[in-house]
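Comments concern the structure below.
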Amino acid sequence: MAVLINEQIKASEVVLTGLKGEKLGIVSRAEALAMARAVGVDLVCTSLMSSPPPCSLVAKGKGKATAQKEAAMHKTGAGQAKGGGKEKLKELRFTAHIEEHDYDTKLRQADKHLRSGKPVQLVVKASNTKEALAAKGVLERLLADLKEAGIKDTGIQSGGKGSQVKVNPR
(Lines give C-alpha, C1' and ligand atoms only; values in the text may rest on other atoms or scores of the structure.)
Protein backbone atom coordinates (compact mmCIF):
# COMPACT_ATOMS: atom_id res chain seq x y z
CA MET A 1 0.00 0.00 0.00
CA ALA A 2 1.44 3.35 -1.04
CA VAL A 3 1.69 6.10 1.54
CA LEU A 4 2.50 9.53 0.17
CA ILE A 5 4.31 12.08 2.34
CA ASN A 6 4.76 15.84 1.77
CA GLU A 7 5.90 16.60 -1.84
CA GLN A 8 4.98 13.10 -3.02
CA ILE A 9 1.32 14.18 -2.85
CA LYS A 10 0.32 15.41 -6.31
CA ALA A 11 -3.37 16.28 -5.82
CA SER A 12 -4.23 19.96 -6.22
CA GLU A 13 -6.62 19.86 -3.25
CA VAL A 14 -6.76 17.64 -0.15
CA VAL A 15 -9.19 16.95 2.70
CA LEU A 16 -7.06 17.98 5.67
CA THR A 17 -7.13 16.61 9.22
CA GLY A 18 -5.14 18.40 11.95
CA LEU A 19 -2.69 17.02 14.51
CA LYS A 20 -5.42 16.33 17.07
CA GLY A 21 -7.82 14.78 14.57
CA GLU A 22 -9.80 17.97 13.92
CA LYS A 23 -11.28 18.31 10.45
CA LEU A 24 -9.83 21.32 8.64
CA GLY A 25 -11.80 20.82 5.42
CA ILE A 26 -10.68 21.00 1.80
CA VAL A 27 -7.53 23.07 1.26
CA SER A 28 -5.04 23.40 -1.58
CA ARG A 29 -1.97 21.15 -1.57
CA ALA A 30 0.34 24.19 -1.30
CA GLU A 31 -1.58 25.52 1.71
CA ALA A 32 -1.52 22.10 3.42
CA LEU A 33 2.25 21.77 2.85
CA ALA A 34 2.81 25.30 4.18
CA MET A 35 0.80 24.47 7.33
CA ALA A 36 2.83 21.28 7.82
CA ARG A 37 6.15 23.15 7.46
CA ALA A 38 5.03 25.97 9.78
CA VAL A 39 4.23 23.51 12.59
CA GLY A 40 7.20 21.23 11.80
CA VAL A 41 5.20 18.11 10.91
CA ASP A 42 4.63 15.87 7.88
CA LEU A 43 1.66 15.96 5.52
CA VAL A 44 0.57 12.35 4.94
CA CYS A 45 -1.91 11.09 2.34
CA THR A 46 -3.73 7.98 3.58
CA SER A 47 -5.77 7.04 0.51
CA LEU A 48 -5.76 7.80 -3.19
CA MET A 49 -9.21 6.29 -3.70
CA SER A 50 -11.17 9.52 -3.22
CA SER A 51 -10.99 12.92 -4.78
CA PRO A 52 -9.81 15.06 -3.10
CA PRO A 53 -7.67 12.57 -1.12
CA PRO A 54 -7.72 12.60 2.70
CA CYS A 55 -4.47 13.91 4.23
CA SER A 56 -3.36 14.36 7.83
CA LEU A 57 -0.81 16.45 9.67
CA VAL A 58 1.38 13.96 11.57
CA ALA A 59 4.47 14.37 13.79
CA LYS A 60 7.78 14.20 11.85
CA GLY A 61 9.00 10.65 11.28
CA LYS A 62 5.72 9.11 12.46
CA GLY A 63 4.05 9.78 9.12
CA LYS A 64 4.48 6.48 7.32
CA ALA A 65 3.74 4.21 10.31
CA THR A 66 0.70 6.24 11.36
CA ALA A 67 -0.64 6.41 7.82
CA GLN A 68 -0.29 2.67 7.31
CA LYS A 69 -2.06 1.98 10.60
CA GLU A 70 -4.87 4.41 9.72
CA ALA A 71 -5.24 2.99 6.22
CA ALA A 72 -5.41 -0.54 7.65
CA MET A 73 -8.16 0.58 10.03
CA HIS A 74 -10.18 2.06 7.14
CA LYS A 75 -9.64 -1.06 5.04
CA THR A 76 -10.73 -3.60 7.67
CA GLY A 77 -13.42 -1.45 9.23
CA ALA A 78 -11.69 -1.76 12.62
CA GLY A 79 -13.30 0.02 15.48
CA GLN A 80 -16.69 -1.48 14.64
CA ALA A 81 -16.25 -4.80 16.38
CA LYS A 82 -13.82 -5.81 19.10
CA GLY A 83 -12.42 -8.70 17.06
CA GLY A 84 -10.94 -6.17 14.65
CA GLY A 85 -12.60 -8.03 11.78
CA LYS A 86 -15.43 -6.82 9.65
CA GLU A 87 -18.87 -6.94 11.21
CA LYS A 88 -21.02 -9.70 9.76
CA LEU A 89 -23.84 -8.62 7.51
CA LYS A 90 -27.27 -9.89 8.61
CA GLU A 91 -29.12 -11.48 5.71
CA LEU A 92 -32.92 -11.73 5.80
CA ARG A 93 -34.56 -13.95 3.20
CA PHE A 94 -38.07 -13.55 1.85
CA THR A 95 -40.18 -15.24 -0.80
CA ALA A 96 -41.83 -13.31 -3.61
CA HIS A 97 -45.34 -14.12 -2.31
CA ILE A 98 -44.80 -13.63 1.43
CA GLU A 99 -47.76 -13.67 3.79
CA GLU A 100 -48.54 -10.50 5.74
CA HIS A 101 -47.70 -11.92 9.19
CA ASP A 102 -44.34 -13.27 7.97
CA TYR A 103 -43.60 -9.95 6.28
CA ASP A 104 -44.29 -8.05 9.53
CA THR A 105 -42.04 -10.40 11.53
CA LYS A 106 -39.11 -10.03 9.10
CA LEU A 107 -39.68 -6.27 8.91
CA ARG A 108 -39.37 -6.04 12.72
CA GLN A 109 -36.13 -8.07 12.60
CA ALA A 110 -34.64 -5.82 9.92
CA ASP A 111 -35.72 -2.69 11.82
CA LYS A 112 -34.16 -4.02 15.05
CA HIS A 113 -30.83 -4.73 13.36
CA LEU A 114 -30.73 -1.35 11.61
CA ARG A 115 -31.58 0.56 14.80
CA SER A 116 -28.75 -1.26 16.62
CA GLY A 117 -26.34 0.05 13.96
CA LYS A 118 -25.91 -3.14 11.92
CA PRO A 119 -26.34 -3.34 8.13
CA VAL A 120 -28.88 -5.76 6.64
CA GLN A 121 -28.95 -7.64 3.33
CA LEU A 122 -32.53 -8.20 2.15
CA VAL A 123 -32.91 -11.11 -0.28
CA VAL A 124 -36.14 -12.08 -2.02
CA LYS A 125 -36.11 -15.45 -3.78
CA ALA A 126 -38.40 -16.21 -6.69
CA SER A 127 -39.19 -19.76 -7.79
CA ASN A 128 -39.21 -18.74 -11.45
CA THR A 129 -38.39 -15.72 -13.57
CA LYS A 130 -42.05 -14.67 -13.71
CA GLU A 131 -41.97 -14.01 -9.95
CA ALA A 132 -38.94 -11.71 -10.32
CA LEU A 133 -41.22 -8.64 -10.62
CA ALA A 134 -43.05 -9.65 -7.45
CA ALA A 135 -39.67 -10.08 -5.70
CA LYS A 136 -38.63 -6.56 -6.68
CA GLY A 137 -41.98 -5.26 -5.44
CA VAL A 138 -41.43 -6.88 -2.02
CA LEU A 139 -38.00 -5.19 -1.77
CA GLU A 140 -39.42 -1.80 -2.74
CA ARG A 141 -42.10 -2.17 -0.06
CA LEU A 142 -39.45 -3.17 2.52
CA LEU A 143 -37.29 -0.16 1.63
CA ALA A 144 -40.29 2.16 2.02
CA ASP A 145 -41.16 0.62 5.42
CA LEU A 146 -37.53 0.82 6.63
CA LYS A 147 -36.79 4.35 5.40
CA GLU A 148 -36.66 5.77 8.96
CA ALA A 149 -34.22 3.12 10.25
CA GLY A 150 -31.97 2.65 7.24
CA ILE A 151 -30.87 3.83 3.85
CA LYS A 152 -30.11 1.59 0.88
CA ASP A 153 -26.41 1.15 0.18
CA THR A 154 -26.79 -0.49 -3.21
CA GLY A 155 -29.59 -0.29 -5.71
CA ILE A 156 -31.96 -3.22 -5.99
CA GLN A 157 -30.00 -5.94 -7.77
CA SER A 158 -32.18 -8.30 -9.74
CA GLY A 159 -30.97 -11.60 -11.10
CA GLY A 160 -32.73 -14.54 -12.73
CA LYS A 161 -34.47 -15.95 -9.66
CA GLY A 162 -34.60 -13.12 -7.19
CA SER A 163 -33.57 -9.67 -6.06
CA GLN A 164 -31.50 -8.21 -3.25
CA VAL A 165 -30.51 -4.92 -1.66
CA LYS A 166 -28.11 -3.92 1.14
CA VAL A 167 -29.46 -1.45 3.69
CA ASN A 168 -27.17 0.54 6.03
CA PRO A 169 -28.35 2.07 9.31
CA ARG A 170 -29.07 5.83 9.28
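- There is no path of hydrophobic side-chain contacts, each under 4.5 Å, that joins Leu33 to Val15.
- For the side chain to side chain donor-acceptor pair (under 3.5 Å) condition, the pairs that include at least one residue of residues 90-101, sequence neighbours left out, are Glu91-Arg93, Glu100-Arg141.
- Here SG of Cys45 is found 11.5 Å from CG of Asn6. Values are rounded to the nearest 0.5 Å.
- In this structure, Ala132 and Ala126 approach most closely via the heavy-atom pair N-CB, 4.0 Å.
- Under the 4.5 Å side-chain criterion, counting only non-hydrogen atoms from C-beta, Pro119 is in contact with Lys166.
- Atom NZ of Lys112 is separated from atom CG of Leu107 by 13.5 Å, given to the nearest 0.5 angstrom.
- Using a 4.5 Å cut-off on side-chain heavy atoms (C-beta onward), Met35 and Leu16 make contact.
- Side-chain contact between Val27 and Val14: present, with at least one pair of heavy atoms (C-beta onward) separated by less than 4.5 Å.
- Transitive grouping of hydrophobic side chains (ILVMFWY, heavy atoms separated by less than 4.5 Å) keeps Val123 and Leu92 in distinct clusters.
- Val41 approaches Ala59 most closely through the heavy-atom pair CG1-CA, 4.1 Å.
- Shortest non-hydrogen contact noted between Asp42 and Ala36 is C-CB, 4.2 Å.
- Under the 3.5 Å distance criterion, the side-chain polar atoms of Glu131 are matched with a main-chain donor or acceptor of Ser127.
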**OP:** Could you walk me through whether Leu19 and Val58 pass the side-chain contact (heavy atoms from CB on, under 4.5 Å) test, one step at a time?
**Re:** CA-CA 6 Å; Leu19 282 168; Val58 180; 5.6 Å; no
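- If you run side-chain contact (heavy atoms from CB on, under 4.5 Å) between Val165 and each of Gln157, Lys152, Lys136, only Lys152 comes through.
- Judged by distance alone, with hydrogens and angles left aside, the side-chain atoms of Glu22 form a donor-acceptor pair with the main-chain N or O of Lys20 at under 3.5 Å.
- Two residues are said to be in side-chain contact when any heavy atoms from C-beta on lie closer than 4.5 Å; Gln164 and Leu122 fail this criterion.
- Hydrophobic cluster membership differs between Leu133 and Ile156, with clusters built from Ile, Leu, Val, Met, Phe, Trp and Tyr side chains linked at under 4.5 angstrom.
- Under the 4.5 Å side-chain contact rule for hydrophobic residues, Ile151 and Leu142 do not share a cluster.
- Under the 4.0 Å criterion applied to side-chain N and carboxylate O atoms, Lys106 and Asp102 are not assigned as salt-bridge partners.
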Original post:
After noting the C-alpha distance and the side-chain angles of Cys55 and Val44, does the key distance pass the side-chain contact (heavy atoms from CB on, under 4.5 Å) rule?
Top reply: CA-CA 5 Å; Cys55 293; Val44 178; over 6 Å; no
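- Leu114 and Leu89 fall into different hydrophobic clusters, where Ile, Leu, Val, Met, Phe, Trp and Tyr are joined by side-chain heavy atoms under 4.5 Å apart, directly or via other members.
- Here the CD-NE2 distance, from Gln121 to His113, works out to 13.5 Å after rounding to the nearest 0.5 Å.
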Original post:
For Val39 and Leu57, what are the C-alpha separation, side-chain angles and deciding distance, and is it a side-chain contact (heavy atoms from CB on, under 4.5 Å)?
Top reply: CA-CA 9 Å; Val39 187; Leu57 296 175; 5.6 Å; no
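- Scanning both residues, Leu43 and Ala32, for their nearest heavy atoms gives CD2-CB, 3.7 Å.
- Within the 4.5 Å cutoff, side-chain heavy atoms of Asp104 are placed close to those of Arg108.
- Using a distance-only test at 3.5 Å, with no hydrogens or angles considered, no donor-acceptor pair links the side chain of Asp153 to the main chain of Asn168.
- Remark: Ser28 pairs with no residue by the side chain to side chain donor-acceptor pair (under 3.5 Å) rule, at least two apart or across chains.
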